[in-house]
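Remember, it's 1-based here, ligands and their atoms both numbered in the order they're listed.
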Amino acid sequence: MKSYLTKDVRNVGIVGHGGTGKTQLVSSLLFTAGITPRWGKVAEGSTTTDWDEEEMSRKISIQTGLAFAEWPCTLCSGANVKINFLDLPGYSTFITETKASLIAADAALITVDAHVGAQVTTEKVWDYCTEYDIPRAFVLTGMDRELASFERSMESLEQIFGRNVVALQLPIGSEKAFRGVIDLVSMKAHFCKPDADGKETIEEIPGALAEEAKEAHEKIVEMVAEGDDELMEEFFKEGTLPLEDLIPGLRRAIVGEKIIPVLMTSALHNIGSSSLLTFLADVFPHPDEHSIYGYKEADGKGEPIARKFDDALPLSLFVFKTLADPFAGRINYFKVMSGVLKNDATVTNFNRSLPERFQHIQIVQGKQLTEVAEFHAGDIGAIAKLKETTTGETLGDKNSPIYYKRALIPEPSITFAIEPKTRADEDKIGVSIHKILEEDSALHFSRDPQTKEFLLAGSGQQHIEVVVAKLHKRYHVDLTLKPPKVAYRETIRGRADAEGKHKKQSGGHGQFGVCRIKLEPAERGKGIEFVDDIFGGSIPKNWIPSVEKGIRDAAARGYLAGFPVVDFRVSLYDGKYHDVDSSDMAFKIAGSLAFKEAMKQARPALLEPIMHVEVYAPDQYSGDLMGDLSSRRGRISGSESRGHNVVIKAQVPFAEMLTYANDLISKTQGRASYSMEFSHYDYVPNELADKVIAAHKPAHEHVEEEV
Ligand SMILES: Nc1nc2c(ncn2[C@@H]2O[C@H](COP(=O)(O)OP(=O)(O)OP(=O)(O)O)[C@@H](O)[C@H]2O)c(=O)[nH]1
Ligand SMILES: [Mg+2]
């Protein structure tokens, strides 16, 4: 397998609303490029990038799918370039994965269903592209579908994303009769035989489309000239631009994010694939056309260090995705950020200060991995069986440490208790879930300190269902899902000062430990901050961690209703000990008692997760949907027109959103879509808090003290 130079690599993130044809599109592009002998179809579960069992059976993408094709770059004298596709999920439950992996792309192709136009996730992925500062293009998908409309789709995109959105193609034929595209740059018609190999025959533009094509071409020329003084001068002189100036000018405008081009396909019938591949090879940027920043410390802390995707710089790699394969073990997908990675290299994991051996580095074609000798800067590959490394970590030359920033993963909003079906299932549960946790950063696993139930928390019901199905299929662990719970938390509104004293004298060794603590509220999201304020050794150094542990454990068990207590600062400032009777256990218990005493005074309160919700719906439902969100204790933060649609943005407590998916379908006959992601925690209103506490109290109170 050959290796590709930085300038010959294109890393393309395929993003868009759920079900807009991303996976089918990648499958058709791979087939057209001749890299896969079979033309995979989503409906048959045979695509290259939806290879996971859960994806095949559910016919949706759940995780990042990687694949690559070679295609000639006409702007590089016809040499083949390697296009790496990152096929990313579109459903809002799995969008965290999309955000985390899009970091590895140098440009994004945003799919838009030609019969619907922009949808809620279209805007969301647009925002991700803006956050990562990558150029983007739209592709209208499903041009063969009934009611697919080029004009309406363009109207919708221009309205939302502005007048920089420009069609580079016109459709030849519509709906079932869609047969190809007019290339508005070269002014040629590209015809395509449906359900075939994707090859195109190039002809003159049919008379009926000539006028429209001419106008559209002039618009492109004008826009390209607009941003470039030299081209502007030429344009004024000649009234047009020659192709040899127009194409590089257009490329600069797209890479510089001044023009957002629109192309179109029918992936299901393999029409428009060749033209799209040529666009990706010619116009989309090479990795080294943008700068990247690493940092001196982990997680984006410390001074930024500018890097280039350059073979001559010291080696650095970023792991953007970890897979837990039941057979091959852990597989990491990485991007070479600088330097050249050679097979068998020993590379330092900076986050863990550990050497890792890169034995058998591989390129990825769906689930198939093929060994290669090296990867140049900017290329994407995979490595199996690293000892410790997982998603979001940076590795590289030990003499040039650097850290790349990982994507922020939102907090989980829904928690399910899971029940192992048999004793054998219970025994296996910990090990197998930990494997899945490696590949799924949005999943949290814990044990309820009160009820001892196992808890799985994630971004939505479907997310947790997928995890349960994976546990069954991959590891043969059978679980029952109990009804979902809102991930409430507890906190304090006031300050407190309390003593915890544990003293037992029952013959032989006694137990003795006393501590005095102060509690005060901390900023939202801070968790627990422990401050050691002991002066003069009133508690010896070795037992201070025991007090801390006692407090943290008690906080995890909750005070009001068994939810973890968070966002407070606790300072341990005094205490007493006994030379013989004091012990780790005695101070743990003292810590826990002091915490409980302090909670009594500190005005405890309940917190609930608040979600950022966006709803896209036809205009006529606007009033009804806003009323509905308000009745769910939602605060509407805005509503904007999107052509015939409206987008409503609101902050709504998660507790009120458990049934929203179905309610929205029935209120709008399925014509609306919504996305929801964790925003922050806020106080539960008093009356409601009393109810939640009452509902959870019985379980909470019967819990045995366990320190
Ligand atoms: N008619 C028609 N159907 C299409 C086309 N492309 C995809 N589909 C169908 O649309 C459905 C969704 O396609 P996918 O490729 O899975 O969509 P996706 O965007 O990858 O979906 P997620 O990854 O789950 O967000 C499948 O049933 C496809 O067969 C197309 O060009 N024309
Ligand atoms: Mg998909």
Side-chain angles (χ1 to χ4, degrees), residues 12-32 36 39-67 85-99 101-102 108-116 118-122 124-125 128 138-150 153 169 171 173-181 192 194-196 198 263-276 366-367 459-460 462-463 465-466 673-675:
V12 183
I14 317 284
V15 288
H17 195 80
T20 46
K22 297 176 285 294
T23 302
Q24 186 58 54
L25 179 62
V26 170
S27 174
S28 300
L29 295 178
L30 297 175
F31 179 66
T32 300
T36 48
W39 181 19
K41 302 270 175 68
V42 170
E44 293 160 11
S46 58
T47 62
T48 304
T49 45
D50 275 1
W51 54 267
D52 180 79
E53 269 185 275
E54 282 311 303
E55 297 181 310
M56 291 197 289
S57 63
R58 290 167 196 261
K59 307 211 180 333
I60 57 170
S61 300
I62 292 168
Q63 62 184 15
T64 305
L66 272 189
F85 296 105
L86 297 120
D87 175 22
L88 302 172
Y91 284 96
S92 113
T93 325
F94 303 109
I95 206 79
T96 309
E97 170 90 357
T98 300
K99 187 167 184 201
S101 287
L102 190 61
L109 194 58
I110 305 178
T111 54
V112 174
D113 188 332
H115 123 261
V116 189
Q119 287 168 282
V120 69
T121 307
T122 321
K124 184 165 295 241
V125 296
Y128 295 163
F138 288 111
V139 58
L140 306 180
T141 54
M143 286 297 289
D144 61 284
R145 279 203 170 112
E146 222 174 285
L147 299 179
S149 162
F150 166 69
S153 302
Q169 300 174 334
S174 63
E175 301 181 356
K176 260 193 247 147
F178 177 62
R179 285 296 172 274
V181 296
C192 206
D195 304 302
L263 296 97
M264 62 203 67
T265 63
S266 159
L268 197 63
H269 299 293
N270 208 6
I271 299 172
S273 300
S274 291
S275 290
L276 183 58
K367 68 175 166 195
S459 52
Q462 202 179 17
H463 178 201
E465 283 169 4
V466 164
S673 58
Y674 80 108
S675 79

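Of the N or O atoms in K59, none lie within a sub-3.5 Å distance of an N or O in ligand 1. Residue V42 places no N or O, backbone or side chain, under 3.5 Å from any N or O of ligand 1. Considering backbone and side-chain atoms together, T23 places an N or O closer than 3.5 Å to an N or O of ligand 1. Looking at I60 next to ligand 1, no N or O pair under 3.5 Å apart turns up. By the 3.5 Å distance cut-off applied to N or O atoms, A267 is counted among the residues near ligand 1. Polar contact with ligand 1: present for D144 (N/O pair, distance under 3.5 Å).
Less than 4.0 angstrom separates atom 27 (O) of ligand 1 from none of the non-hydrogen atoms of the protein.
Not a single heavy atom of G16 lies less than 4.0 angstrom from ligand 1. Not a single heavy atom of A43 sits under 4.0 Å from any atom of ligand 1. Heavy atoms of T111 stay at 4.0 angstrom or farther from ligand 1.
In terms of heavy-atom proximity, A148 sits nearest to G142 at CB-O, 3.5 Å.
The nearest N, O or S atom of T23 is closer to the Mg ion (ligand 2) than 2.8 Å. Among the backbone and side-chain atoms of T49, no N/O/S atom is found under 2.8 Å from the Mg ion (ligand 2).
Taking the six-membered ring for Trp and thresholds of 30 and 60 degrees, F31 and W39 have nearly parallel ring planes, at less than 30 degrees apart.
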* Between D113 and R145, is a salt bridge (charged side-chain N to carboxylate O under 4.0 Å, His left out) present by the stated rule, with each step listed? -> CA-CA 9 Å; D113 188 332; R145 279 203 170 112; 3.3 Å; yes
